[in-house]
2 protein chains.
Amino acid sequence: MKALQKRIGITQDTLAQSLTERFIFGEEALDGLMPSTRILAEEYGVSRLFLREVLAGLQRQGLIETFPGKGIYVRKPSMLNAARNVHTTIRQSTATARDLIEARGNLEEQCAALAAERATTEDIAQMEFALKALDDANGLIPMAQADIAFHSLLAKSTHNPVLQIMFGSITTLVFDTMLRSLSDPEIYKEGAPLHYTILKAVKNRDGLAARKAMSKHIHLAEDSYKNDLDCELREIAQRIVKDVLQSSLSIEEILSSALKDYSVDLGQS
Amino acid sequence: MKALQKRIGITQDTLAQSLTERFIFGEEALDGLMPSTRILAEEYGVSRLFLREVLAGLQRQGLIETFPGKGIYVRKPSMLNAARNVHTTIRQSTATARDLIEARGNLEEQCAALAAERATTEDIAQMEFALKALDDANGLIPMAQADIAFHSLLAKSTHNPVLQIMFGSITTLVFDTMLRSLSDPEIYKEGAPLHYTILKAVKNRDGLAARKAMSKHIHLAEDSYKNDLDCELREIAQRIVKDVLQSSLSIEEILSSALKDYSVDLGQS
DNA sequence: CTATCTGACTTGTCAGATAGGTGTTGGTGG
DNA sequence: CCACCAACACCTATCTGACAAGTCAGATAG
C-alpha cells in the first residue's frame, strides 16, 4: 500500500496543486465550504494527517481558512497573508526608515499617477470611505489600519495587479512606519490633509498633482524622523508599541492581529 | 495536562516565534543543525506532531530545511522562497505582460540608478559573473536563471533591502516573461547587449545612463510581444514551456525547481 | 588496513482515540 | 402553534504509540 502510494507519487505539492485546482480555481464548493478532512483524505487515499499538512500549507498561503467545529472554507486570496511570510523572512535584514521612504516613494508616486488615470468611481468611493474611517478612528491601530487601507486602495486603483503585489510585499513595513508617523502630532497634522489632496487629484484625473502630493506625503517623514531615519523599522515600531500603546506585545503579534481580517480584493477586471 | 497547556497558551504561532528567536536569530545550533523533533517536542511539552506542523510552517517560509534521516538544518533566508508564496497567492489575479512591464520598469529603473551610486566592487564582480553565466548558459532555463540573478544582484547593489523585497515579490512573474523573451531571437539579440550597457553605466557611476539602458531593456518587449502584451503571464509562460521546451510540466513545477537553490543574500551591510 | 554490517539515531507517515466546538433536530413546556 | 432547550451528529485540533525508510558512526570480520 505504501509502495503503491509511492508509485503513484502523491506528494504534498501535487496534492496541494490538485486541491487548489479543484476548490480554489475550480467551481466546486460554491458556497466556499470544502468537504471535511475525513472525506477528502479517503477520497485521495491518504491519511488525514497527510492531508492536514497540505491544508496547513494552503492556509498559510491564505487560500483557505479552517474553523474548528465548522469546516474548511475557501478564502478570497489576500496579499497580506502572503506578505507576512515575506516579512518574517526579511526580519533579519536591516531595513531602515530611510530605505522604506526611498523605495515606497517611487512605488506610490507611480501608483498615484496611474490611479489618477484609471480609478473608477467605485475605487474613489472606497478611498473616500477609508479616509473617513481614518478621521473617525479611535486609537493608533485603527488609524494605521485605515491608513493602510487607503494606500492599498490607491494601488488597487491602478488596476495593475503587479503594483498591488509589490505594495503588498511591503505592507507590514509600511505599517511599522505608520505607527510612528500617526503618533507624531507634527507629522499627522501635515500628513493627514495630503490624503485628501491626493484623492482630489485622482478625482480630477490630474496625475501630476497626485504624484506630487504623494511624494510630499511620504517624504514628510524625512524631515521629522530625525534620528529615527536610520533606525531599523522594527526597532522604531517596537518602541512605539511599548511607549505609546504601552503594550508588551511584540510588533509581530500586533501586526498579525491588525492585518488579520484585512483584505483588499485583487483586481479581477 | 491539556488544560494546563491551554492555560499556558502554546499556539502554533507562539511556538514558531519561540523557535525562530532561538534558532534562526539566536546563536544556538551554530552548525545549523537543530535538535531532533523528539527532543524539541519533549522540551516544549508538546507532541511531536504538533511540533512537526510548526516546523512545516518554518520550512515553508524557507527558514529551515529538513532531511529525512539526518535532521533539521537552519537555512539562510532567501527572498525567493517567500516570494513563491506570494506568487501562488496571486495566481488568481490576471497580471498581463503589460502590467509587469509597467510596474517592473519603474522599479528596476530606480534600482539601476541607485546601483550606479552605491554598488561596491564586489557587487559589480558578482554581476559580471552572472552575465558571463548568461552567455555560457545552455538551454532556456539556465539562461533565465542567470538573467534573474543579474537583475536580483542589481537590486541588491542598491543596498536598500526594501527594493530587494519588492523585486523578490515579483521574481516569479519576471521569470515567466524571461522564458518568453529569451526564446525570442529578436528580443534576445537587442536585449542581451543592454545588460552590459547597464553594467558599464553602473561601473561609471552614471545613474542616468543606467536608468535609460534599463528602461530600454525592459520596454523592448513592448514592441515585440504584440498579441502577448495583454496575455496573462502564466498563459505565456505555459505556452513557452510546452512549445519551446516541449515539456509537459506545469510552469509552477518549472519555477520551483529553477528557483529552488537560487538565493541572493540579503544585504546585511 | 579495508570492507561490510549492525545498531542507534533521524524524519515521514500512519491508524485510532479523545477533546472541544458548532449547528441541527426533535421533543417538551408554555 | 410557538419558543426554548437538550441531545446528537458532525467538524477540526490534537495526542498516543507505532512502524517504515534514510543516514551515519563504529564495531567486526576478512
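Computed from a predicted model, the values in this text were never measured in an experiment. Numbered from 1 within each chain, the chains take letters A, B, ... in sequence-line order.
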### Query
Among C:dT22, D:dT12, D:dC15, which nucleotide sits nearest the side chain of B:Ser47?
D:dC15
#### Entry: Whole-Å gap separating P (D:dG17) and CZ (B:Arg38)
12 Å
### Message
Side chain of A:Phe50 only, heavy atoms from C-beta on: which candidate in D:dA13, D:dC15, C:dC14 is closest?
### Response
C:dC14
### Task
To the nearest Å, give me how far apart CD1 (B:Ile72) and P (D:dT23) are.
16 Å
### Query
Expressed in angstrom and rounded to an integer, what is the separation of A:Ile64 atom CD1 from D:dC11 atom P?
16 Å
### Summary
Comparing A:Lys70 with A:Leu49, nearest DNA chain D nucleotide closer to 5' gives the residue A:Lys70
### Residue closer to the 5' end of DNA chain D, B:Leu51 versus B:Arg48 (nearest nucleotide)
B:Leu51
### Task
Would you check if the side chain of A:Ser181 reaches a backbone N or O of A:Met178 as a donor-acceptor pair within less than 3.5 Å?
no
### Message
Would you compute the distance between atom CZ of B:Phe50 and atom OG1 of B:Thr11 and round it to the nearest 0.5 angstrom?
### Response
6.5 Å
### Query
How many Å lie between CD1 on B:Ile39 and C1' on C:dA8, as a whole number?
13 Å
### Query
Does a nitrogen or oxygen in the side chain of A:Arg52 sit under 4.0 Å from OP1 or OP2 of D:dA13?
yes
### Residue pair A:Leu154 / A:Asp123, side-chain heavy-atom distance below 4.5 Å
no
### Task
Rounded off to whole Å, could you give me the CG-to-P distance for the B:Leu55 and C:dG12 pair?
9 Å
### Message
So A:Glu53, base contact, sugar-phosphate only, or nothing? Heavy-atom distance under 4.0 Å.
### Response
nothing
## Note on the structure
Taken to the nearest whole Å, CG/A:Leu40 to P/D:dC10 is 16 Å
### Query
Who pairs with B:Glu53 by side-chain hydrogen bond (donor to acceptor under 3.5 Å, both in side chains), at least two apart in sequence or on another chain?
A:Arg52, B:Gln12
### Message
So, does B:Gln12 get its side chain near the phosphate of D:dT14, meaning an N or O under 4.0 Å from OP1 or OP2?
### Response
yes
### Message
Nearest to the A:Ser36 side chain among D:dT12, C:dA15, D:dC24, which nucleotide is it?
### Response
D:dT12
### Query
Among B:Thr172, B:Thr96, B:Asp176, which one satisfies side-chain contact (heavy atoms from CB on, under 4.5 Å) with B:Leu233?
B:Asp176
### Task
Could you tell me whether the phosphate oxygens of D:dT12, OP1 or OP2, come under 4.0 Å of any side-chain nitrogen or oxygen in A:Thr66?
no
### A:Asn160 (side chain) donor-acceptor with B:Asp99 (main chain) under 3.5 angstrom
yes
### Task
Determine, for A:Lys156 against A:Glu122, whether the closest basic-nitrogen to carboxylate-oxygen distance falls under 4.0 angstrom.
no
### Stems where DNA chain D pairs, listed by first number, each of three or more Watson-Crick or G-U pairs under 3.5 Å
C:1-30 with D:1-30
